[in-house]
Amino acid sequence: MQVLDAEALGCDAIRAALANYAVTEEGKGHCLAASPIDNPEGRVTQTSRTKELYQASIDGVYLSFPSTEGIAEAVVAAQKGIILSAQKLQQLSRCIDVFTELFEVARVCGPLLASLTGDSQSQLAISAKINTYILRGEIKDDATPLLSKLHRQLASHLKRRQGLSRQLLRQHFDAGYLQDEFVTERNNRVVLPVRASFKNEVPGIVHGASGRGSTFFIEPKPLVDLNNSVSICNSEIEEEKKRILRELSLLVGQRSSELLSDLHIAGELDYLWSLVRYLKRIEGSLAEVRIGAGYSFDRIGHPVLVLAEEECVVNDVFFNKGQAVVISGPNAGGKTVILKSIAIAIWCAHAGIPVAASKAVMPPTDFLGMIVGDGQDIGASLSTFSSHVTKLNEALLEIGGRSVIFVDELAGATSPRQGAAIAQSVMEWILNKGSTVIATTHYDRLKDWAATHDSASNWSAVFDTKTLTPTFQIIVGQPGPSSAIQISRRIGLSEAILQRAGELVGSISLSHEEKLQELEQQRMKLREIERAARQVEQDSKVRSEKLDKREAELRERSQRLQEKQRLSMQDEVREVRELLDVAKGKIKENKLEGVKANIEKAARLAFKAKPAQGKPPEADELEVGTLIYLTNLGQNGKVLSVSGKTVSCLVGGLRVNAKLRDLRISSEEPEKSAAKSVSYSGEHEPLSSIVDLRGFRVLAAEEHMERVVDQALLSGFDLIEVVHGEGTGAIKKWLRKWAESHRGISQWEAVHDRHERDSKTMLHLG
């Protein structure tokens, strides 16, 4: 598509808006270079990929991109044999890792996006090698065996040098030879600040003097060999580091074509992701460009106004290919805005960029001409009218059957009679070429022509005659009054001037204007009535939906409570029976009667559990000593403490943790019990929430844990903390595997002690 006056069209503002969403250098470049795509297949492919990515984002997919600043240049430099810095290599490594994840995510978003992505698996070897040698932008001290050895040697030399330096410093300072009690470095060699008068008293190499010559910096002889050793070691370290960087840079250069390809693909994905984010921001759509279609826009607005979060009135408009549209109405009424909104939408659609409309359909367009603004140029001796006609002529020389011309104030700024005639002639000439033209005007002659011509249509910008202000709404199918006298009256122009203006305009012209205004007023009244009727209907519908929803929620809640109560009772009975089965198989014959008695008691309590009465209390309603009823145990108890939604209760002599949802405020005292632990009949085994398995073998631990869990389940315990230590890890490994298959244990979690050792396991019962 060829565009006349892209600056007036506002293309750069759209490109800049897209670039704000891009992260990579390549993505920003795509955004700032966005232009209409002449190849229809390419345009359709880009639009389809954007749709795939948009749908994926609705489903929760999010694409992340790394900063690629300077990466392309670095890869090209490595290709030429230039050694890259450690920082740049690590940045490249980060890019490779992110690209791999990015391409994997893109591949599942849709077939077209999958076809765009490449296989970066082979590049991962480069990233892995870079990360082997480099950390935080520096080569690791132990990157290679040689480097590790050199750093150990350097540390040894530095330690010896430090000790000898302190010894010499103390010796010469006490002798009064030194200016200050410190050592310093010159050319990476340790030196002493010797007073000029004593320079011959400290044998060594002079590395310079102070500005006034009062101090000489001397490297004492005993330090020379150590300084040499440090320098040699540092030199060898730097040489090894250069060798590593040279090796990594060579590897990057060998894979430069693949890396540059990945950068290009990431840039395209970044551009598509920018389009998706832009689409969401303007709440627009992806236009459909197809042969044979007309120009149809639902709820179209101007994207720049939307992005600036300014008030943007949207309109529904339609016109056919090869049609003339004349937009009339008051000044500042929105004529130019709708003109530009349609023009930028056509440009965006052909560039594969989302348009600021809920739906947009149009035919292919080869040429888009934009003639907006006065274009006055004193230097070129161009008046407003001359400049306007010059631009118009440029557009007319380019038009063909698939052209759209947008003209603001067609043939304005000249004699109204001659200007109107030129405007009509231009419109007819464009229509004869088979092109489409949209123009704003105040000429009554042009409005009348559009009303009678088969291929022309009038649109009007609505003007509120009550408030004398524009509404920015567009009415398709009829002209609008200019309302110049009314607007001037609102602004405050003298009434005497306005009366004289009316006389000069003439009764016929005023009558025509008044009829248009009267028609506009009647139309606005009709719209108000329609709007009020729609609002009443909408309010009624909303109220009805709310009532239906509330009724359904109450009915569902009642059913849910009944079902929950029934299932809770069934679960308790089933758990008691399962515990009985476990007890029969695990406990010796002489203990069986006592176990049965405990289980039967639990079963009786389960069957006696009362239905939940009232609502669960809030945490601030409970305090220590509050009487409560536990719906899941069917017993009364007292509150011991409250922590968030968990309440510690005393029930039957036992401390039980319960959720707020399982409690009700009660007035009944709990049954008193002297027992502080639950035990099997036979051997006395007090129940505790902490179990120590250290020293146990697996078979003994299993038997012991079976008994403990059985007791805890009967007693209503929620948690058991098992101490197993680290040791060989056999007990820990067995315990967690056993806990996963135990039907009385819902889950387990590792607990680390203060030394960060994995020495405990917390079992959650239920």
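Every value quoted in this text rests on a predicted model; they were computed, and no experiment measured them.
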(message) I want to check something: taking the side chain as every heavy atom from C-beta on, are F99 and P66 in contact at a cut-off of under 4.5 Å?
(response) yes
(request) Please report the shortest heavy-atom distance between W449 and A324, naming the atom on each side. (result) CH2-CB, 4.1 Å
(message) Treating N315 as the side-chain partner and V317 as the backbone partner, does any N or O pair qualify as donor plus acceptor under 3.5 Å?
(response) no
(message) Has E283 got a side-chain atom pairing as donor or acceptor with V306's backbone, closer than 3.5 angstrom?
(response) no
(message) Give me the atom names and distance for the closest heavy-atom approach of K335 to G329.
(response) NZ-O, 3.4 Å
(request) Test V276 against L63 for side-chain contact (heavy atoms from CB on, under 4.5 Å), laying out the working first. (result) CA-CA 11 Å; V276 169; L63 299 188; over 6 Å; no
(request) Might you work through the side-chain contact (heavy atoms from CB on, under 4.5 Å) test for I405 and I438, ending with a clear yes or no? (result) CA-CA 6 Å; I405 309 298; I438 303 177; over 6 Å; no
(message) Has R107 got a side-chain atom pairing as donor or acceptor with L113's backbone, closer than 3.5 angstrom?
(response) no
(message) Give me the atom names and distance for the closest heavy-atom approach of A411 to Y443.
(response) O-OH, 2.6 Å
(request) Could you tell me whether E104 atom CD has more than 12 heavy atoms of other residues or ligands within 6.0 Å of it? (result) yes
(message) What I'd like to find out is whether the side chain of P303 reaches to under 4.5 Å of the side chain of I14, using heavy atoms alone.
(response) yes
(request) Could you give me the CA-CA distance, side-chain angles and deciding distance for K447 and D444, then say whether salt bridge (charged side-chain N to carboxylate O under 4.0 Å, His left out) is met? (result) CA-CA 5 Å; K447 302 176 195 177; D444 290 335; 3.4 Å; yes
(message) So M427 and V326, do their side chains get closer than 4.5 Å, heavy atoms only?
(response) yes
(message) Using a strict threshold of under 4.0 Å (side-chain N to carboxylate O), is an ion pair present between D12 and R15?
(response) yes
(request) Determine whether more than 12 heavy atoms belonging to other residues, nucleotides or ligands lie under 6.0 Å from atom CZ of R281. (result) yes
(request) Start with the C-alpha distance between S57 and K280, add both sets of side-chain angles, then the distance that settles side chain to side chain donor-acceptor pair (under 3.5 Å), and finish with yes or no. (result) CA-CA 10 Å; S57 73; K280 290 182 176 181; 3.0 Å; yes
(message) Between K28 and A22 (side chain of the first, backbone of the second, donor and acceptor by atom type, cut-off under 3.5 Å), is there such a pair?
(response) yes
(request) Could you tell me the separation between the CD1 atom of I265 and the CG atom of D270, rounded to the nearest 0.5 Å? (result) 13.5 Å
(request) Name the orientation class of the two ring planes belonging to F297 and Y295 (parallel below 30°, tilted from 30 to 60°, perpendicular beyond 60°). (result) parallel
(message) Working to the nearest 0.5 angstrom, can you tell me the gap between L279 CG and S274 OG?
(response) 12.0 Å
(request) Indicate the atoms forming the closest heavy-atom contact of H302 with V337, along with that distance. (result) CD2-O, 4.2 Å
(message) Using the rule side-chain contact (heavy atoms from CB on, under 4.5 Å), only one of L112, I353, L286 pairs with T50; which is it?
(response) L286
(message) Are the side chains of Y278 and N20 in contact, using a 4.5 Å heavy-atom criterion?
(response) no
(message) Test your reading of the model: is there a side-chain donor-acceptor pair from S425 to the backbone of A421, 3.5 Å cut-off?
(response) no
(request) Answer yes or no: is there a side-chain heavy-atom contact under 4.5 Å between V437 and V404? (result) no
(message) I'd like to know if the side chain of D298 reaches the main chain of A360, judged simply by a donor and an acceptor atom lying under 3.5 Å from each other, with no hydrogens or angles considered.
(response) no
(message) Between I342 and I300, is there a side-chain heavy-atom distance shorter than 4.5 Å?
(response) yes
(message) Tell me whether R402 is salt-bridged to D366, with the criterion being a basic N under 4.0 Å from an acidic carboxylate O.
(response) yes
(request) Answer yes or no: are there more than 12 heavy-atom neighbours, outside E69 itself, under 6.0 Å from its atom CD? (result) no
(message) If you define the side chain from C-beta out and look only at heavy atoms, does anything of L272 sit under 4.5 Å from Q46?
(response) yes
(request) Report the distance from atom CZ of R277 to atom CD1 of I282, rounding to the nearest 0.5 Å. (result) 14.0 Å
(message) If I take atom CD1 from residue I96 and atom CD from residue E101, how far apart are they, to the nearest 0.5 angstrom?
(response) 13.0 Å
(message) So which atom in G322 and which in L431 form the shortest heavy-atom distance, rounded to 0.1 Å?
(response) O-CD2, 3.4 Å
(message) Before you tell me yes or no, could you show the steps for T440 and D408 under side chain to side chain donor-acceptor pair (under 3.5 Å), namely the whole-Å CA-CA distance, both residues' side-chain angles and the distance that decides it to 0.1 Å?
(response) CA-CA 5 Å; T440 65; D408 192 28; 2.6 Å; yes
(request) Drop me the distance from L269's CG to C109's SG, to the nearest 0.5 angstrom. (result) 9.0 Å
(request) Compare every heavy atom of I37 with every heavy atom of R43, then report the nearest pair and how far apart it is. (result) NH1-O, 2.9 Å
(request) Describe, in one word, how the ring planes of W273 and Y62 are oriented to each other, choosing from parallel (under 30°), tilted (30 to 60°) and perpendicular (over 60°). (result) perpendicular
(request) Output yes when a side-chain donor or acceptor of N393 lies under 3.5 Å from a complementary backbone atom of V389, and no otherwise. (result) no
(request) Side-chain contact test, heavy atoms from C-beta onward, threshold under 4.5 Å: evaluate it for Q91 versus S67 and give yes or no. (result) yes
(message) Looking at I291, I'd like to know if its CD1 atom is crowded, meaning that more than 12 non-hydrogen atoms belonging to other residues, nucleotides or ligands lie closer than 6.0 Å.
(response) no
(request) Could you walk me through whether F319 and S457 pass side-chain contact (heavy atoms from CB on, under 4.5 Å), step by step? (result) CA-CA 8 Å; F319 55 95; S457 173; over 6 Å; no
(request) Could you tell me whether D5 and K391 make a salt bridge, using a distance below 4.0 angstrom between a side-chain N and a carboxylate O? (result) yes
(request) Supply the atom-to-atom distance I346 CD1 to L9 CG, rounded to the nearest 0.5 angstrom. (result) 9.5 Å
(message) Run F318 and V476 through side-chain contact (heavy atoms from CB on, under 4.5 Å) and show every step you take.
(response) CA-CA 8 Å; F318 171 83; V476 176; over 6 Å; no
(message) For a side chain to side chain donor-acceptor pair (under 3.5 Å) check, start with the C-alpha distance between E26 and T68, then their side-chain angles and the critical distance, and finish with the verdict.
(response) CA-CA 8 Å; E26 294 72 21; T68 62; 2.8 Å; yes
